[in-house]
> 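This is the structure I want to talk about, given as structure tokens.
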Amino acid sequence: MSTAQPLTPAQALASLQVEAGLRVELVAAEPMVASPCAVAWDERGRMFVVENRGYPVGPGSNQPPAGVIAMLESTKHDGVYDKRTEFATGLTFPNGIMCWRGGVIVTCAPDIFFLQDTDGDGKADVKKVLLTGFGTTSTTQLRVSHPTLGLDGYIHVTSGLVASKVTCPSHPERGVIDLPRGDARFHPDTLEIEPWPGVGQFGLAFDDFGRKFVCSNRNPLQHVALHPRYLKRNPHLAFSDTVQDVAPFGDAGKCWPLSEDHTTAAFIPSLMSAPHAGTFTSACGISLWRGGALPASFANSAFICEPAQNLVQRQVLTPDGPTFKSAPATPGREFLATRDTWFRPVFSATGPHGALYICDMYRKVIDHPQYLPEHIRGSLDYEAGKTMGRIYRVTATSSKTQAPSSKLNLAAASTQELVTKLNDANGWVRSTAFRLLAERADKAAGPLLKSVATDSSTQSPTARSAALNLLNGAGLIDEAGLLESFDDPAPRVRESAVLLAEQRLAARSSTPVSPLAKRVAALA
């Protein structure tokens, strides 16, 4: 366990070693932020930070909940956040956030909240429970988290490895929905929720074509390859899983810390050895690089936080049949690492101007006491660092520093401008444009989206796939458009079209005889 004193923000920044060709900047630190575990930016570029200040066991008996959602702004447009507003307080253990319809969706088991500021003072005056009943019987590490909008128009969440019995206060007639030990998705408007493939702990990411990746402590990167429903159609086929370890145990699971910190996951006293030494023991906060202010060579990279060993690793994905395999980008040296044992990176994300952001909870002890031997459980200081925390931004050394709120306000963008942004080189811009178009469901967007979906000469496969899914979500997709996309030169776009055709045909009450049905049958 760490016994060193904490470093000042400036000292901590100086202690970081980063991959060659990159620059690390400190954009927020205490008292501007404390115990940050997730971030999201709205269309105006404001950063919303989840502060899980009560982790791991809460503030103590007779004390109010300590969790906070803070809104940070860079008023000087110099890349450093200098204005803090406490958007919401009094939360127990908030751990995930997503912007939606002028507010934020926050995971805070047993609830998923919608929080919104309607009077413009920067503080949420709306607090609505969207769904409730998510598991809280395990530790505060193992809870529903990572609300993420998928190309399917649903908000996906990880299970935290626990089962739940969920209800919707707005629709009591639906009763209890059983969610087994696995992930889920819910529709942001109807709030209908259902189990969904994957068993993520604290990490969820989608690539440009909606392929889902999760992680757990010892599994740094997993691809949810397909829905089990396809295999269940054959009652004679025995199968056990539909999730692929992209980074399997072995070389792809190795890490190279600079620190000498040891957790109980790495050291078993009864064996007097460290059987997990040099491998992931707390993988979390994954993100996929989808374009921005890092070098072009970072394409197909995944970033994995490892707070127990004070590092962030970059892995490079390569196709492996219908799934992927990955390997460390720089074996023997991590993407980001330090000898400072208080450095606890737990979340990574791409920001508005394309930089990679890292949330550092900055704690002396990151373990939950339940996972520690009883003889030392009561001797550790779980409070040390609770008022501290840092958020870092990583860019190429050649990149010009820009504040997330400078020269960017997608809230003012027209529908036509948002459709154009689906082809942007920055993954955050594409995702935010997609979200805003999904929120608006503007019928006038139909012709624009159809033009993007069928234009393989000027529109990227990413934009074409996004446009197809937006058309589907708005009820504007037609068979002629799907048939045209079946012949798209990009296989991932063709895949999107087939999946959407499946939904369209499944919704019909009888088996139709149509060009679409014939084409799908021919593909089968």
Side-chain angles (χ1 to χ4, degrees), residues 149-156 185 187-190 192 194 196 206-212 226-227 229-230 233 290 322 413-425 427 429-524:
L149 183 65
L151 286 182
D152 56 8
Y154 283 75
I155 296 175
H156 293 249
R185 71 171 190 174
H187 194 279
D189 294 326
T190 69
E192 293 173 290
E194 61 182 325
W196 205 248
F206 289 100
D207 72 1
D208 284 328
F209 301 101
R211 291 174 291 192
K212 178 182 174 182
L226 77 166
H227 198 294
R229 68 174 181 264
Y230 298 115
R233 291 185 300 191
R290 299 171 52 232
S414 67
T415 294
Q416 183 172 0
E417 289 170 331
L418 291 177
V419 171
T420 301
K421 295 295 184 184
L422 296 176
N423 207 39
D424 198 272
V429 172
R430 295 196 304 274
S431 292
T432 303
F434 180 94
R435 172 177 64 81
L436 293 173
L437 288 166
E439 291 175 5
R440 294 180 185 183
D442 185 358
K443 298 296 183 183
L448 299 171
L449 291 170
K450 289 178 182 178
S451 177
V452 171
T454 56
D455 182 3
S456 60
S457 60
T458 65
Q459 300 294 318
S460 66
T462 296
R464 302 201 299 276
S465 179
L468 278 174
N469 279 277
L470 284 166
L471 286 166
N472 184 64
L476 299 174
I477 202 163
D478 55 38
E479 293 195 3
L482 280 177
L483 284 169
E484 188 169 352
S485 293
F486 276 13
D487 295 318
D488 192 281
R492 298 284 77 81
V493 178
R494 299 197 297 271
E495 178 182 309
S496 294
V498 170
L499 290 172
L500 294 176
E502 175 194 19
Q503 297 174 24
R504 189 178 184 88
L505 296 178
R508 298 186 177 180
S509 57
S510 60
T511 303
V513 178
S514 69
L516 182 63
K518 291 178 180 178
R519 186 69 184 275
V520 172
L523 291 172

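Values reported hereafter were calculated over all heavy atoms of this structure, with side chains retained and with hydrogens, waters and symmetry mates removed.
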> Under the salt bridge (Lys or Arg N to Asp or Glu O under 4.0 Å) test, which residues partner Arg435, sequence neighbours left out?
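Result, salt bridge (Lys or Arg N to Asp or Glu O under 4.0 Å) vs Arg435: Glu43, Glu439.
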> Test of understanding: with salt bridge (Lys or Arg N to Asp or Glu O under 4.0 Å), list the residues that count as partners of Arg229, not counting sequence neighbours.
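Glu502.
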> Can you sort out the partners of Phe209 under ring pair (Phe, Tyr, Trp, His ring centres under 6.0 Å), two or more places apart, ordered by chain and number?
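Per chain and number, Phe209 pairs via ring pair (Phe, Tyr, Trp, His ring centres under 6.0 Å) with no residue.
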> For Asn472, which residues count as a side chain to side chain donor-acceptor pair (under 3.5 Å) partner, sequence neighbours excluded?
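With sequence neighbours excluded, Asn472 shows a side chain to side chain donor-acceptor pair (under 3.5 Å) to Gln503, given in chain and number order.
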> Could I get the full list of side chain to side chain contact (heavy atoms under 4.5 Å, CB included) partners for Ala433, not counting sequence neighbours?
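By the side chain to side chain contact (heavy atoms under 4.5 Å, CB included) rule, Ala433 matches Leu418, Lys421, Leu422.
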> Considering all heavy atoms of both residues, which atom of Phe486 and which atom of Val498 are nearest to each other, and what is their separation?
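For Phe486 and Val498, the tightest heavy-atom pair comes out as CE1-N, 3.7 Å.
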> Let me confirm one number: the CG-OG1 distance from Asn423 to Thr458, rounded to the nearest 0.5 Å.
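Interatomic distance, Asn423 CG to Thr458 OG1, rounded to 0.5 Å: 7.0 Å.
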> Measure across Pro447 and Ala444 and return the closest heavy-atom pair with its distance rounded to 0.1 Å.
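So the two residues come closest at CD-O, 3.5 Å.
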> Does Asp208 come within less than 4.0 Å of Arg430, counting only side-chain N to carboxylate O?
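Here Asp208 pairs with Arg430 in a salt bridge, since their nearest N and O are under 4.0 Å apart.
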> Just how far is it from atom CD of Gln459 to atom OG1 of Thr454, taken to the nearest 0.5 Å?
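One finds 9.0 Å between CD of Gln459 and OG1 of Thr454.
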> Sequence neighbours left out, what pairs pass salt bridge (Lys or Arg N to Asp or Glu O under 4.0 Å) with at least one residue falling in residues 440-460?
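Sorted pair list: Lys450-Asp478.
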> Taking side chain to side chain contact (heavy atoms under 4.5 Å, CB included) as the test, write out the residues that go with Lys212, two or more places apart.
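With sequence neighbours excluded, Lys212 shows a side chain to side chain contact (heavy atoms under 4.5 Å, CB included) to Asp183, Trp196, Leu204, Phe206, Val214, Val224, given in chain and number order.
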> Under the rule for salt bridge (Lys or Arg N to Asp or Glu O under 4.0 Å), what residues qualify as partners of Glu192, not counting sequence neighbours?
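Checked Glu192 against salt bridge (Lys or Arg N to Asp or Glu O under 4.0 Å); zero matches.
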> Can you tell if the side chain of Leu500 reaches within under 4.5 Å of the side chain of Ile477, non-hydrogen atoms only?
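Answer yes - side chains close enough.
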> For residues Pro188 and Ile155, report the shortest heavy-atom separation together with the two atoms involved.
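It is CB-CD1, 3.7 Å.
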> By side chain to side chain contact (heavy atoms under 4.5 Å, CB included), which residues pair with Ser414, not counting sequence neighbours?
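With neighbours one apart ignored, the set is Gln416, Glu417.
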> For a quick test of reading the model, state the closest non-hydrogen atom pair linking Ser485 to Ala453 and the distance between them.
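In this case the closest contact between Ser485 and Ala453 is OG-O, 4.2 Å.
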> Rounded to the nearest 0.5 Å, what's the gap from CG on Leu449 to CG on Asn469? Could you check?
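One finds 10.5 Å between CG of Leu449 and CG of Asn469.
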> Quick check: closest heavy atoms across Leu476 and Gly446, and the distance to 0.1 Å?
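So the two residues come closest at CD1-CA, 3.7 Å.
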> How long is the gap from CG on Leu468 to CG on Leu482, to the nearest 0.5 Å?
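If I round to the nearest 0.5 Å, the distance is 6.5 Å.
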> Who are the side chain to side chain donor-acceptor pair (under 3.5 Å) partners of Glu194, not counting sequence neighbours?
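Side chain to side chain donor-acceptor pair (under 3.5 Å) list for Glu194, sorted by chain: Arg185.
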> Establish, from distance only, whether the side-chain atoms of Ser431 and Arg290 form a donor-acceptor pair under 3.5 Å.
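There is such a pair between these side chains.
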> Output all residues satisfying side chain to side chain contact (heavy atoms under 4.5 Å, CB included) with Ala490, sequence neighbours left out; order by chain, then residue number.
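Ala490: side chain to side chain contact (heavy atoms under 4.5 Å, CB included) contacts with Pro461, Arg464, Asp488, Val493.
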> Could you work out, with salt bridge (Lys or Arg N to Asp or Glu O under 4.0 Å) as the rule, every residue matching Asp424, not counting sequence neighbours?
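So Asp424 forms no salt bridge (Lys or Arg N to Asp or Glu O under 4.0 Å) with any residue.
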